[in-house]
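Chain A is the first sequence line, chain B the second, and so forth, proteins listed ahead of strands; every chain is numbered from 1.
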2 protein chains.
Amino acid sequence: MNILIVEDNKELAIEVRDFLSDGGYVCKIANTCNEALDEIGGNDYDAMLLDLGLPDGDGFDVLKAVRKTKSKIAVIVITARGGLDDRIDGLHLGADDYLTKPFALTELSARLFAVIRRMHGYTLNDLVVHGFSLQLQDYKVSYEGMPINLTKKEFDIFQYLVLNKNRVITRLQLTEHIWGDILEINSDSNFIDVHVRNLRKKLDKHTTIDWFETVRNVGYRINT
Amino acid sequence: MNILIVEDNKELAIEVRDFLSDGGYVCKIANTCNEALDEIGGNDYDAMLLDLGLPDGDGFDVLKAVRKTKSKIAVIVITARGGLDDRIDGLHLGADDYLTKPFALTELSARLFAVIRRMHGYTLNDLVVHGFSLQLQDYKVSYEGMPINLTKKEFDIFQYLVLNKNRVITRLQLTEHIWGDILEINSDSNFIDVHVRNLRKKLDKHTTIDWFETVRNVGYRINT
DNA sequence: CACAGTTTATGAATATTCTTATTGTCGAAG
DNA sequence: CTTCGACAATAAGAATATTCATAAACTGTG
């Protein structure tokens, strides 16, 4: 899975690259628009992270070029958060998704994954962890061929944690990612804990889940 | 609630104006950039619909000008479908929401409403219809002071229909607006009908709801 | 170690959402 | 006017989500 990171801030680019490499992606960094255009022309990328705040030209020229020639490449646009905190529906922008700085790396990888999956249709591999196989197409999980019946929320949580395995995911991240609209959520509730608990119970029936950790004061983590 | 419609297509502008006037907004039309800038300078608008395809200049200049001087005005940018660069550029300048042509007028009014509400915080009036008062802040409804207990989905549906009162809203529109992700929804189900039914039952306890119509083959409508 | 304070886990009750099957209603065609 | 087919309303119930109260586990401190 090849990713092109178009970002002039080298520190950030490296941070992102390291994180994604960790997740099994192969990354290349382009610091300028021209570099990006060269890279895209010559290579076969699955996705591109495009920071619009580039020094040598408009980032959306890159996007335009990509959209003209390569249809199979997923693009996630990254922008600085403007004066207004309202998010705009990414689908209307022509990019496949977008993020505003600052963003959580875990959120980036989750979205990247989702976007690539959509783009490639159903050809993408299932997620596999400790014998469990997550079939993302149809929200099914199985353990060594035996299907496990998870609810949608349970699946979402499991998928998000697996996607960001070996990283602690906070309850806030889960809420943001799965429920979306934070404001409407009554936060003095432990509903995430409950879902995690139910999820664990179902997984535990099939095998030990000591790799599904609680990180006190922080959140949850799945280790591999 | 004052809205400035910046749109050179006069037919469309009038259509939008009439629709919004209907919803209780006070609208003014500007056909050109200069007109728009004049209007903004002199008056106090709550929101602006900004079509980027203007003949006499760059719609972005208008947006930029607005952002420099008036912070409390909500801007919804309207672009023709396919203008990728426009969209991204607009995002950069900080529009509050986007629509691509062609758009449903009901969707426009719903977004406009949401954007204004967000902008003004919680100072906005409640929605009122046939004695029912929808307090948007905290998802509560009351009839002549007596609270009515609606579930979230019921409230969402009620609000969307009230917001677009006197217009037929299709089941698809409700699905798109309230559930968002259409793809995950098993569409051979009548769950919307069921929610509508439950909603009606709750409203009906307090008063007759003959104003809450079913429009056969189309959808639902709330009349005033 | 014992304690208090805090965080997480658990079990159970409640509420909500969604599905399914059935019945009722409307409108067009004959 | 009747019949048929499509659509909507209804009822019941299954599945899921959330809340709540309480128990257990952990952390730091004396």
Side-chain angles (χ1 to χ4, degrees), chain A residues 138-141 147-161 168-175 177-205 208-210 212-222, chain B residues 138-141 147-161 168-175 177-205 208-210 212-222:
Chain A
D138 41 18
Y139 278 81
K140 299 267 182 266
V141 180
I148 300 174
N149 209 4
L150 297 189
T151 71
K152 187 160 179 316
K153 296 289 187 227
E154 284 158 12
F155 186 91
D156 286 340
I157 290 172
F158 196 21
Q159 173 180 348
Y160 192 68
L161 288 174
V168 187
I169 300 299
T170 67
R171 290 175 177 77
L172 179 62
Q173 284 177 302
L174 284 170
T175 307
H177 183 78
I178 296 172
W179 279 265
D181 208 341
I182 310 173
L183 302 175
E184 295 178 12
I185 300 285
N186 182 2
S187 61
D188 65 347
S189 171
N190 67 337
F191 59 98
I192 291 202
D193 301 47
V194 174
H195 283 300
V196 166
R197 196 261 168 159
N198 294 333
L199 170 59
R200 275 174 167 161
K201 203 155 54 175
K202 288 179 182 176
L203 301 182
D204 204 14
K205 279 190 179 168
T208 175
I209 53 167
D210 51 359
F212 192 152
E213 277 191 294
T214 299
V215 180
R216 184 164 246 258
N217 287 312
V218 189
Y220 298 96
R221 176 178 54 206
I222 284 179
Chain B
D138 40 20
Y139 277 80
K140 298 270 182 264
V141 180
I148 300 173
N149 209 4
L150 297 189
T151 70
K152 188 164 179 314
K153 295 292 186 220
E154 285 159 10
F155 186 93
D156 287 340
I157 290 172
F158 196 21
Q159 172 181 349
Y160 193 69
L161 288 174
V168 188
I169 299 299
T170 67
R171 291 177 176 74
L172 179 60
Q173 284 177 302
L174 283 172
T175 308
H177 185 80
I178 295 172
W179 279 266
D181 208 341
I182 309 173
L183 303 176
E184 293 180 13
I185 299 287
N186 182 4
S187 60
D188 65 348
S189 171
N190 68 339
F191 61 98
I192 289 203
D193 301 46
V194 175
H195 282 299
V196 166
R197 196 259 169 164
N198 294 332
L199 171 59
R200 274 174 166 160
K201 204 155 54 174
K202 288 180 183 177
L203 301 182
D204 204 14
K205 279 189 179 168
T208 175
I209 54 167
D210 52 359
F212 192 152
E213 278 192 294
T214 299
V215 181
R216 186 165 246 259
N217 289 313
V218 189
Y220 298 96
R221 176 178 54 207
I222 283 179

Using whole Å, report how far [atom1] of [X] lies from [atom2] of [N].
| X | N | atom1 | atom2 | result |
| --- | --- | --- | --- | --- |
| B/Leu172 | D/dC7 | CG | P | 15 Å |
| A/Lys152 | C/dC18 | NZ | C1' | 13 Å |
| B/Asn190 | D/dT10 | CG | P | 12 Å |
| A/Glu154 | D/dA17 | CD | P | 7 Å |
| B/Lys153 | C/dC18 | NZ | P | 6 Å |
| B/Ile192 | D/dC7 | CD1 | P | 16 Å |
| A/Leu199 | D/dT16 | CG | P | 14 Å |

Which part of the nucleic acid, if any, lies within reach of B/Val196 when heavy atoms closer than 4.0 Å are counted: base, sugar-phosphate only, or nothing?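 Nothing: the residue B/Val196, judged by heavy atoms under 4.0 Å, touches no strand.
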
With a non-hydrogen cut-off below 4.0 angstrom, is B/Phe155 in contact with a base, only sugar-phosphate, or nothing?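 Answer is nothing: B/Phe155 stays at 4.0 Å or more from every strand.
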
Between the base of C/dT8 and the side chain of A/Arg216, is there any donor-acceptor pair under 3.5 Å?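 It does not, because no donor-acceptor pair links the side chain of A/Arg216 to the base of C/dT8 below 3.5 Å.
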
With hydrogens left out and only the distance checked, is there a donor-acceptor pair under 3.5 Å joining A/Asn198's side chain and the base of D/dT16?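 For A/Asn198, whose side chain was compared with the base of D/dT16, there is no donor-acceptor pair (under 3.5 Å).
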
If you assign A/Leu150 and B/Gly219 each to the DNA chain D nucleotide with the nearest heavy atom, which residue ends up on the more 5' nucleotide?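 Between the two, 5'-proximity favours B/Gly219.
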
Which comes earlier along DNA chain D counting from the 5' end, the contact point of A/Asn149 or that of B/Arg197, where each point is its nearest nucleotide?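 Here B/Arg197 is the residue nearer the 5' end.
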
So does [X] get a side-chain nitrogen or oxygen closer than 4.0 Å to the phosphate oxygens (OP1/OP2) of [N]?
| X | N | result |
| --- | --- | --- |
| A/Thr214 | C/dT8 | no |
| A/Arg171 | C/dT8 | yes |
| A/Trp179 | D/dT18 | yes |
| B/Ser189 | C/dC18 | no |
| A/Thr151 | D/dA17 | yes |
| A/Tyr220 | C/dA9 | yes |
| B/Arg200 | D/dT10 | no |

Measure the acute angle between the ring planes of A/Trp179 and A/His195, then classify it against the limits of 30° and 60° as parallel, tilted or perpendicular.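 If you compare the ring of A/Trp179 with that of A/His195, the planes turn out tilted.
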
Can you say whether the rings of A/Phe155 and A/Tyr139 are parallel (under 30°), tilted (30 to 60°) or perpendicular (over 60°)?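 A/Phe155 and A/Tyr139: tilted rings.
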
Taking for each residue the nucleotide of DNA chain C with the nearest heavy atom, is it A/Val218 or A/Lys201 whose nucleotide lies nearer the 5' end?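 This one resolves to A/Val218.
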
Within this structure, what is the CD1-CG distance for the pair B/Ile209 and B/Leu199, rounded to the nearest 0.5 Å?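 It comes to 7.5 Å.
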
Ignoring hydrogens and angles, tell me if any N or O in the side chain of A/Arg171 forms a donor-acceptor pair with the backbone of A/Ile192 under 3.5 Å.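 Not at all, since once roles are kept as given, no pair shorter than 3.5 Å links the two residues.
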
Indicate yes or no: at least one non-hydrogen side-chain atom of B/Arg200 is less than 4.5 angstrom from one of B/Tyr220.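 The answer is yes; the side chains approach within 4.5 Å.
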
Any residue meeting side-chain hydrogen bond (donor to acceptor under 3.5 Å, both in side chains) with B/Arg197, in chain and number order, not counting sequence neighbours: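 Residues passing side-chain hydrogen bond (donor to acceptor under 3.5 Å, both in side chains) with B/Arg197: none at all.
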
Select one nucleotide: of D/dT18, D/dC7, D/dT10, the one nearest the side-chain heavy atoms of B/Asn217.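 It is D/dC7.
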
